[in-house]
Amino acid sequence: MGLKDPVLRAAAGIDPALEPALSAQEEVVFSIPEFTTGFKSIGFPSLDGPVTIRYATVADTLAIERAMGPLAGFVAEAIASLQILITKAPASWWKAPEKGGKIPTLDLGRLPDVEAILDLYRAYSRWRADFRSGGAGS
């Protein structure tokens, strides 16, 4: 990645001799941690499978707040967060691409087991808190 613009480099005080070390560090800094778990729905086994949720960036957090709109509360936060942060989920969680589109869309709104979805969000929240405190999630 690296900062290439000479004006920005000067403003940031980046010494060209440090570039290789900074580039290596940048890769570590910008690799977003992920939480992966097995999702299990007692009533709806077609929803079962591995789910991967990435750690929220600042842009993700803003998108989550936008997605919640005027809604408040745990359910709104959980669904908006998972809708934005899930990177991998069972095939039954996705909606076919719109006409002409090539990318399927995650569609949590049509999943019937809200309790299991909320349990997934609680597990992710525990992992995120543990990660932030330097625990085993990191």
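From Leu85, atom CG reaches atom CD1 of Ile64 across 4.5 Å, with rounding to the nearest 0.5 Å. Atom CE of Met68 sits about 10.0 Å away from atom CD1 of Ile84, to the nearest 0.5 Å.
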Extract all donor-acceptor atom pairs below 3.5 Å that involve side chains of residues 73-83 and protein atoms in other chains or at least two apart in sequence.
residue, atom, partner, partner atom, Å
Glu77, OE2, Tyr121, OH, 2.6
Ser81, OG, Glu77, O, 2.7
Gln83, OE1, Leu108, N, 3.2
Gln83, NE2, Leu106, O, 2.5

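Phe39 and Trp93 have perpendicular rings, their planes meeting at more than 60° on a 0 to 90° scale where under 30° would count as parallel.
Across all non-hydrogen atoms, the minimal contact from Lys40 to Ala116 is O-CB, 4.0 Å.
Residues Thr87 and Glu34 are in side-chain contact: their nearest non-hydrogen atoms beyond the backbone lie under 4.5 Å apart. Side-chain contact between Phe35 and Arg126 is absent, with no heavy atoms from C-beta onward closer than 4.5 Å. In this structure, Pro33 and Trp127 have side chains that are in contact, with non-hydrogen atoms separated by less than 4.5 Å. Between Thr52 and Ile86 the shortest side-chain heavy-atom distance does not fall below 4.5 Å. Pro90 has its side chain within reach of Val51: a pair of non-hydrogen atoms, C-beta onward, lies under 4.5 Å apart. The side-chain heavy atoms of Thr57 and Thr61, taken from C-beta on, include no pair separated by under 4.5 Å.
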Exercise. Would you sort out whether Arg128 and Tyr55 count as a side-chain contact (heavy atoms from CB on, under 4.5 Å), showing the intermediate values?
Key: CA-CA 7 Å; Arg128 183 182 59 201; Tyr55 193 88; 3.4 Å; yes
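Here Asp60 pairs with Arg54 in a salt bridge; the nearest charged N to carboxylate O distance falls below 4.0 Å.
The main-chain N or O of Ala89 is found under 3.5 Å from a side-chain atom of Trp94 such that the two form a donor-acceptor pair. No side-chain donor-acceptor contact under 3.5 Å links Ser41 to the backbone of Asp113.
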